[in-house]
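Bear in mind that the values here come from a model prediction, so they are computed numbers and not experimental data. For this chain, numbers begin at 1 and follow the sequence in order.
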Amino acid sequence: MARNRRNFLKNSVLGAAVAPNIIQDVQTVSTPFSSTSFRAVAKPNPVLTRHRNLFNGDTCVYFYNPELWQPEDFTLKIAHNPRTGQLNTRPTAEGGPFSTKAIHRFVDVLADNGIDTFIINANASRAWYPSKTIPTILEGYKRGDRNFFRGHAICQGITEPEAVEAFLDSFVPLMNRYQDLLDAGVDWLAETSKACRRRNVSPWVSIRMNDMHGHMNFEGSFFNVPLLKQKEMRLKNSLYGDQNYLYRQGLNYEKSEVRKLMFEQIREVVEDYDFEGLELDWWRQPLCCEPNASAETVSMMNDWIREIRALTQRRARKTGRPYPLSLRIPGRLDLLKSIGLDVVTLCREGTIDLVCPSGFYCTSWDMPHDVMRQQLGERVAIYGVIEDGVNTLSTYDKQRDQIQRMRHTPASRELMRGNAAGKLALGAQGIEWFNFFCTDQVNLPGLRGDYSGLRGIHQLDSLRGQPKQYSFALGSSSATLMPFELPTQLPAVLEPNRQQLFRTAMCAEPGDRKLELIVQLIVKADNLPTFLPVSFNGSWPELKNEKTDALLFLCGPQTHLTKEHVGYNYRFPVSLIRDGWNEIVIENGGKTPLTISCIDLAVRVSG
């Protein structure tokens, strides 16, 4: 596809225009945004006036499940595989072509369920929309060319020849849905904005700053932009220990070529599309500059992000609407500065309007929004992010005899409420949903996201008095990304005659709803306790418990703990719960060490 490569330096120097929410010290400076002369005066944050319940959708959000959003043309069924001549083992979406109806129906569901802002992701490494400025995901593809995607199979962990062919059997039809729209002359990114405008949902756009889906085959995966295939453009010092070294070799923003490429894409989606907010997604991935970045490198990245801010402000002046700039980031701000991202300075000076701290795939349960407020200042909005994964505790679908490696937050309204309530009670001013749609798993019966649970989730007072569930983040080698994840409290080994404090964020409850608090300790089944007292927020230790293998609430089809674990339920008055941080103290009164694998908490009707 022909691309118009614009002159980066010529245009970016023009980024010195004064933003409506920023006042600059007009001194003689050597760069448009000199960190030595830049100061800000706080003004009202435009995010808080309209954008409180945000839904982040990735590039595949409509395309994963066409049978849900375009049911008149797609049917989920067991079909004959044209390659093998045999029936597929799993149902697939048959039909087509894919059309804009799916996009509008998806946005309709969001609007009907209280989402006020839809953040659509435009890229992975390449642009997934028909970009005119940077390489696109289907550039050079001819419909039906399986070899175009073959090099990506290893990036999915697939290497056996038959497994590779099976991967292509399902992947090619998915990518052909994008081709359907290209053949029809439809730009799905622009159509997203149209669908949002029709339903009075604010359309924002998200850019993944260092997506690594193609990391196992830099040269052969169609995911990767040409720069990522050049070793000299990749990071060299981001790995240590036995981590996947390829996963840490993202684009190095110290290279001017990298900054130019990313700025060109950002410029395109801001200037040429009808959005009204921009998210820079640094959780995909938290790779920027080489670790222990120098002061000069940090200053360079600050100036680069200020130029993005100037770009959005020029767009705001042109449209007459605010154009907020947001960051989705890990919660460890000092580590981010170590790789060149000085979030504190950018927020305190007014460059950033919104910060959304999160976990990588599993949702955070103890993100310190209260501490981040002290660090980032009063003007910036700080939202809680609810991720798809609860944590890495495997659970059991007893009816179908299936184990699932993690629970999906959107499959349980109680988990959705609990996660939101804890974040809001710590001072989060709104909610962003990430990977919500990944719960819509067609091959796992009964597993669907509860879209109706989105409504009002950002309003703390509406959550009080409703059943809810809380849990804890777990340390695990899967679905987490160190060192950027918050250090986890669990699992934890309690030695004999020792006690340990755990804390999590919750919201206080009214006393007139006949509610009670259940604390469920989940331990290894072969590591059973003798005496296991539990105290909640300073209460006298409770010894009475009920042994169980049942989850506190159903989570889609998941109903029970696996055979590897057993739960012990403790009951407490709901009046003990307070807004913000709550403390659980566990004692091991036995004679052998005890592993606490997880702690779940339920607020539910007593009896």
Do side-chain atoms of Ser131 reach the backbone of Thr133 as a donor and acceptor pair under 3.5 angstrom?
yes
Is a side-chain donor or acceptor of Gln70 paired with a backbone partner of Pro97 at a separation under 3.5 angstrom?
yes
Give the minimum heavy-atom separation between Asn210 and Tyr253, together with the two atoms involved.
ND2-CE1, 3.9 Å
Check the pair Val343, Lys337 against side chain to side chain contact (heavy atoms under 4.5 Å, CB included), reporting the backbone distance first and the verdict last.
CA-CA 7 Å; Val343 177; Lys337 187 173 181 180; over 6 Å; no
Are His565 and Ser597 packed together at the side-chain level, in the sense that at least one heavy-atom pair is separated by less than 4.5 angstrom?
yes
Kindly indicate whether the side chain of Leu280, heavy atoms from C-beta on, has any atom under 4.5 Å from the side chain of Ile266.
yes
Can a donor-acceptor pair be found between the side chains of Ser193 and Glu191 at a distance below 3.5 Å?
no
Partner of Arg332 under side-chain contact (heavy atoms from CB on, under 4.5 Å), chosen from Ile329, Leu335, Leu336
Leu335
Mind checking whether Phe360 and Trp283 have parallel, tilted or perpendicular rings, split at 30° and 60°?
tilted
Between the side chains of Ser206 and Glu279, is a donor N or O closer than 3.5 angstrom to an acceptor N or O?
yes
Could you go through Thr439 and Gln441, starting from their C-alpha distance and side-chain angles, then the distance that decides it, and tell me whether this counts as side chain to side chain donor-acceptor pair (under 3.5 Å)?
CA-CA 6 Å; Thr439 302; Gln441 299 282 346; over 6 Å; no
Run the side chain to side chain contact (heavy atoms under 4.5 Å, CB included) check on Leu415 and Cys555 step by step: do they pass?
CA-CA 8 Å; Leu415 282 165; Cys555 187; 3.8 Å; yes
Is there a side-chain contact between Leu138 and Arg126 in this structure, where contact means two heavy atoms from C-beta onward sitting under 4.5 Å apart?
no
Quick one: do Glu432 and Asn56 satisfy side chain to side chain donor-acceptor pair (under 3.5 Å)? Show the steps, please.
CA-CA 7 Å; Glu432 179 181 8; Asn56 187 308; 3.1 Å; yes
Taking 4.0 angstrom as the limit, do Glu165 and Arg146 come out as a salt bridge?
yes
Donor-acceptor contact below 3.5 Å, side chain Thr192 vs main chain Trp188:
yes
Check the side chains of Glu67 and Asn65 for a donor-acceptor pair under 3.5 angstrom, ignoring hydrogens and angles.
yes
Apply the test side chain to side chain contact (heavy atoms under 4.5 Å, CB included) to residues Leu174 and Phe63: give CA-CA distance (whole Å), side-chain angles for both, the deciding distance (0.1 Å), then the verdict.
CA-CA 7 Å; Leu174 168 65; Phe63 300 87; 3.8 Å; yes
Under 4.5 Å between any side-chain heavy atoms of Asn443 and Arg90, yes or no?
yes
Taking the side chain as every heavy atom from C-beta outward, state whether Ser326 and Val355 have any pair of such atoms under 4.5 Å apart.
no
Tell me the closest heavy-atom pair linking Pro135 and Pro226, and the distance in Å.
CG-CD, 3.6 Å
Determine whether Leu311 and Glu271 satisfy the following criterion, side chain to side chain contact (heavy atoms under 4.5 Å, CB included), listing intermediate values before the conclusion.
CA-CA 8 Å; Leu311 181 70; Glu271 291 185 346; 3.4 Å; yes
Are a donor atom and an acceptor atom from the side chains of Asn123 and Tyr129 found within less than 3.5 Å of each other?
no
Minimum heavy-atom separation for Leu54 to Ile119, with atom names?
CD2-CD1, 3.6 Å
Are the side chain of Thr100 and the backbone N or O of Ile103 linked by a donor-acceptor pair below 3.5 Å?
no
Is it true that the side chains of Asp366 and Thr504 contain a donor and an acceptor less than 3.5 Å apart?
no
Using only atom types and a distance under 3.5 Å, with no angle test, would you say the side chain of Arg328 pairs donor to acceptor with the backbone of Ser358?
no
Charged N to carboxylate O under 4.0 angstrom, Lys132 versus Asp187?
no
Check Pro330 against Phe484 and note the closest heavy-atom contact, atom names and distance.
CB-O, 3.6 Å
Could you tell me whether a side-chain N or O of Tyr64 sits under 3.5 Å from a main-chain N or O of Asp440, the two making a donor and an acceptor?
no
With a 6.0 Å cut-off on ring centres, are Trp204 and Phe118 close enough?
no
Can a salt bridge be assigned to the pair Glu162 and Arg83 using a cut-off of 4.0 Å between side-chain N and carboxylate O?
yes
Presence of salt bridge, Arg259 and Asp303, under 4.0 angstrom
no
Please give me the minimum heavy-atom distance between Ala79 and Thr92, naming the atom from each residue.
CB-OG1, 4.3 Å
Output for pair (Leu251 CG, Gln230 CD), nearest 0.5 Å, gives 9.5 Å
Any Lys/Arg nitrogen of Arg267 or Glu307 sitting under 4.0 Å from an Asp/Glu carboxylate oxygen of the other?
no
Check whether any side-chain heavy atom of Tyr178 sits under 4.5 Å from a side-chain heavy atom of Val186, and report yes or no.
no
Ring-plane angle category for Phe149 and Phe171, please: parallel below 30°, perpendicular beyond 60°, tilted otherwise.
perpendicular
For the residue pair Phe223 and Asn217, establish whether any side-chain heavy-atom pair is separated by less than 4.5 Å.
no
If we ignore angles and hydrogens, is there a donor and acceptor under 3.5 Å between the side chains of Tyr141 and Asn176?
yes
Within a radius of less than 6.0 Å around CD of Glu219, do more than 12 heavy atoms belonging to other residues, nucleotides or ligands occur?
no
Can you find a side-chain donor-acceptor pair between Asn81 and Asp169 that sits under 3.5 Å?
yes
Trp69 ring center within less than 6.0 Å of Phe106 ring center:
yes
Side chain proximity check, Pro291 to Ser238, heavy atoms < 4.5 angstrom
yes
Greater than 12 external heavy atoms within 6.0 Å of His560's NE2
yes
Could you verify whether a donor N or O on one side chain and an acceptor N or O on the other, from Gln404 and Ser394, lie under 3.5 Å apart?
no
Check for a donor-acceptor pair, side chain of Ser125 on one end and backbone N or O of Val225 on the other, with a separation under 3.5 Å.
yes
Is the side chain of Arg208 donor-acceptor paired with the backbone N or O of Asp281 at a distance under 3.5 Å, no angle test?
no
Got a salt bridge between Arg400 and Asp397, using NZ or NE/NH1/NH2 to carboxylate O under 4.0 Å?
yes
Within the distance-only criterion (no hydrogens, no angle test), does the side chain of His215 pair as donor or acceptor with the backbone N or O of Met212 below 3.5 angstrom?
yes
For Tyr451 and Phe436, I'd like to know if the aromatic rings sit close, meaning centre-to-centre distance below 6.0 Å.
yes
Give the C-alpha distance, both sets of side-chain angles, the deciding distance and a yes or no for salt bridge (Lys or Arg N to Asp or Glu O under 4.0 Å) between Asp388 and Arg407.
CA-CA 8 Å; Asp388 182 48; Arg407 289 170 289 178; over 6 Å; no
To check you understand the geometry: which heavy-atom pair defines the closest contact between Ile78 and Pro91, and what is its length?
CD1-N, 3.3 Å
Ignoring hydrogens and geometry, is there a side-chain-to-backbone donor-acceptor pair from Gln558 to Thr395 under 3.5 Å?
yes
Should we count NZ of Lys77 as having more than 12 external heavy atoms under 6.0 Å?
no
Residue pair Asn391 / Ser471, side-chain donor-acceptor N/O under 3.5 Å
yes
Pair Tyr273, Glu268: side-chain N/O donor-acceptor within cut-off below 3.5 Å
no
